[in-house]
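Structure provided below as structure tokens; questions to follow.
Sequence lines set the chain letters: A, B, ... in the order given, protein chains first and strands last, and positions in each chain run from 1. Since we're looking at a predicted model, the values are computed, not measured.
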Number of protein chains: 2
Amino acid sequence: MPTAHKGSPAEVAALDAYIKLMRASETVTARAHGIIGDLTLTQFGVLEALYHRGPLCAGAIAEKILKSAGNLTLVLSNLERDGLVVRQRDCQDARRVIISLSPAGRDKIAALFPKVAAAITAEFGPLSPAEQAMLGELCKKLGRGRTPSSTAARE
Amino acid sequence: MPTAHKGSPAEVAALDAYIKLMRASETVTARAHGIIGDLTLTQFGVLEALYHRGPLCAGAIAEKILKSAGNLTLVLSNLERDGLVVRQRDCQDARRVIISLSPAGRDKIAALFPKVAAAITAEFGPLSPAEQAMLGELCKKLGRGRTPSSTAARE
DNA sequence: ACTTTTTAGTTTCACATTGAACCATCAACC
DNA sequence: GGTTGATGGTTCAATGTGAAACTAAAAAGT
């Protein structure tokens, strides 16, 4: 017989909600992933950021897609190799690298984004507009009022 | 000026909810990740599965933590190298490999799990019990009634 | 009994991911 | 104007990740 952890009711409820939250986000993401074909999710994220914001320096992209700087260097290299983005040193500040979509990259994301948006919308179809808004509100409340130390300290 | 995608109101609402869903799950997971120290999230998932279910064959673990079989082989190898789990061929079915916690692995997950559970519970603190239940329900409804083909087909 | 076929794990490959170390460049300051 | 410090990217090491090819073993079909 496995040694089950005995949690308080509050813990059981929170862990249950957490598991459902994770499963839902993974399910929706997996469905979107099926649409984008040869691109990876991160590559799609980069193209999407450039598509909706215009040329950005590498750091700005990393911040937008919540990935580390080191990671982004590799992803950009792969995208550049595939001819989807262009790297260009900033004349004003030679440390910066400006990333912009190539024509091929623009075509690709312009064709892909509506499909992904439609797929995600379909995925949220089981929820009414009010339920979607409610879900968004509840998610927004998560992680609030919590300093990094306050959770790590106890025990 | 960036070329923004013009989505229908339904798309805007769904994408907005999706982004909040992703951010919430990433925030909570990141907080938990800060607790487990030298373990990776996947390693923690494996130990947690073994802790609460007892010895499992590799395939069962892969299914439980939603990772590919090939991936699990590597993760188990790393855990085995670190002395946290033990691999053992099944006598009844020589294809199977039974994975069990080593004493060190059991000690580690027994010490760690309550901390992670407490951290996640704290993370969900901003939500009332009713709100947590509501969040769980909404998440459960996502991804329902949707065959893999139904989303990929159109357009 | 001897094929298939299926199942369980491993291996391989390409890419992703983070954190740390590193390098170049700009900014501040004396 | 040369040192110091901060900033932006790249590189590196270790791990994770999935898909596909591969191996071994059990199960099924004949």
Side-chain angles (χ1 to χ4, degrees), chain A residues 22 25-27 29-49 55-82 84-100, chain B residues 22 25-26 29-49 55-82 84-100 148:
Chain A
M22 294 301 296
S25 68
E26 280 163 8
T27 298
T29 301
R31 210 78 82 180
H33 192 199
I35 308 269
I36 61 178
D38 53 338
L39 287 178
T40 68
L41 280 170
T42 305
Q43 288 173 339
F44 178 85
V46 171
L47 296 185
E48 194 270 333
L56 296 171
C57 67
I61 299 179
E63 187 179 356
K64 167 110 168 83
I65 67 174
L66 300 175
K67 296 292 153 63
S68 69
N71 181 15
L72 197 64
T73 295
L74 174 66
V75 175
L76 288 177
S77 296
N78 289 336
L79 286 171
E80 191 178 33
R81 179 204 52 193
D82 297 344
L84 300 176
V85 304
V86 177
R87 268 193 178 104
Q88 187 179 3
R89 283 245 163 247
D90 188 342
C91 307
Q92 268 66 45
D93 184 342
R95 291 171 301 181
R96 279 174 153 57
V97 177
I98 307 290
I99 314 294
S100 47
Chain B
M22 294 301 295
S25 68
E26 280 164 7
T29 300
R31 210 78 80 178
H33 192 199
I35 308 266
I36 61 177
D38 52 338
L39 288 178
T40 69
L41 280 171
T42 304
Q43 288 173 338
F44 177 85
V46 171
L47 297 185
E48 192 270 333
L56 295 171
C57 65
I61 300 179
E63 186 179 357
K64 169 114 168 76
I65 67 175
L66 299 175
K67 295 292 152 61
S68 68
N71 180 15
L72 195 64
T73 295
L74 173 65
V75 175
L76 288 177
S77 296
N78 288 336
L79 286 171
E80 192 179 31
R81 179 204 53 194
D82 297 344
L84 300 176
V85 304
V86 177
R87 269 193 179 104
Q88 187 180 3
R89 283 245 161 246
D90 188 342
C91 306
Q92 269 66 44
D93 185 340
R95 291 170 303 182
R96 284 183 151 80
V97 176
I98 307 291
I99 315 294
S100 46

Under-4.0 Å side-chain N/O to phosphate OP1/OP2 contact, A/Q92 with C/dT25: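 For A/Q92, the contact criterion (side-chain N or O under 4.0 Å from OP1 or OP2 of C/dT25) is not met.
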Atom-pair distance (CD on B/E80; P on D/dT15), nearest Å: 14 Å
Spacing between A/D90 atom CG and D/dG9 atom P, to the nearest angstrom: 9 Å
Sugar-phosphate only, base, or nothing, as touched by B/T73 at under 4.0 Å among non-hydrogen atoms: base
Closest approach of A/S25 to B/S25 (non-hydrogen atoms, all atoms of both residues):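 Shortest heavy-atom separation between A/S25 and B/S25 comes out as OG-OG, 3.5 Å.
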Nearest-Å distance for atom pair CG/P, residues A/L74 and D/dT11: 10 Å
Rounded interatomic separation in angstrom, taking CG from B/L56 and C1' from C/dA8: 15 Å
Which atom pairs, donor and acceptor, lie under 3.5 Å between side-chain atoms of residues 36-46 of chain B and protein residues at least two apart or in another chain?
{"residue": "B/D38", "atom": "OD2", "partner": "B/K108", "partner atom": "NZ", "Å": "3.1"}
{"residue": "B/T40", "atom": "OG1", "partner": "B/Q43", "partner atom": "N", "Å": "3.1"}
{"residue": "B/Q43", "atom": "OE1", "partner": "B/T40", "partner atom": "N", "Å": "3.0"}

OP1 or OP2 of D/dA14 under 4.0 Å from side-chain N/O of B/N78: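 Indeed not, no polar side-chain atom of B/N78 lies that close.
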Side chain to side chain contact (heavy atoms under 4.5 Å, CB included) assessment of A/E26 paired with B/L66: CA-CA 9 Å; A/E26 280 163 8; B/L66 299 175; 3.1 Å; yes
Value in whole Å for how far the P atom of D/dA14 lies from CD of B/Q43: 14 Å
Minimal non-hydrogen separation, A/A49 against A/L56, with atom names: O-CD1, 4.3 Å
A/L72 CG to C/dA16 P, straight-line distance once rounded to whole Å: 10 Å
Check nucleotides 18-24 of chain D for protein N or O atoms closer than 3.5 Å to its own N or O atoms and list the pairs.
{"residue": "D/dG18", "atom": "OP2", "partner": "B/S68", "partner atom": "N", "Å": "2.8"}
{"residue": "D/dG18", "atom": "OP2", "partner": "B/S68", "partner atom": "OG", "Å": "3.2"}
{"residue": "D/dG18", "atom": "N7", "partner": "B/S68", "partner atom": "OG", "Å": "3.4"}

A/A94 or A/V75, whichever maps to the more 5' nucleotide of DNA chain C: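 Final value for this comparison: A/V75.
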Expected list for residues 88-98 of chain A: side-chain donor-acceptor pairs under 3.5 angstrom, two or more places apart:
{"residue": "A/R89", "atom": "NH1", "partner": "A/A94", "partner atom": "O", "Å": "2.7"}
{"residue": "A/R89", "atom": "NH1", "partner": "A/R95", "partner atom": "O", "Å": "3.1"}
{"residue": "A/D90", "atom": "OD1", "partner": "A/Q92", "partner atom": "N", "Å": "2.9"}
{"residue": "A/D93", "atom": "OD1", "partner": "A/R95", "partner atom": "N", "Å": "3.0"}
{"residue": "A/D93", "atom": "OD1", "partner": "A/R95", "partner atom": "NE", "Å": "3.1"}
{"residue": "A/D93", "atom": "OD2", "partner": "A/R95", "partner atom": "NH2", "Å": "2.9"}

B/R89 CZ to D/dA25 C1', straight-line distance once rounded to whole Å: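 It is 9 Å, rounded to the nearest whole Å.
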Distance below 4.0 Å between B/T42 side-chain N/O and D/dT17 OP1 or OP2: yes
Closest heavy-atom pair and its distance - B/A58, B/I99: N-CG1, 4.2 Å
Integer-rounded Å distance: C/dT18 P and A/E63 CD: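 Those two atoms, CD and P, are 14 Å apart.
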D/dG8 OP1/OP2 closer than 4.0 Å to side-chain N/O of A/R87: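 It does not, given that no N or O in the side chain of A/R87 lies less than 4.0 Å from OP1 or OP2 of D/dG8.
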Nearest non-hydrogen partners of B/R87 and B/T73, listed with the distance: NH2-O, 3.1 Å
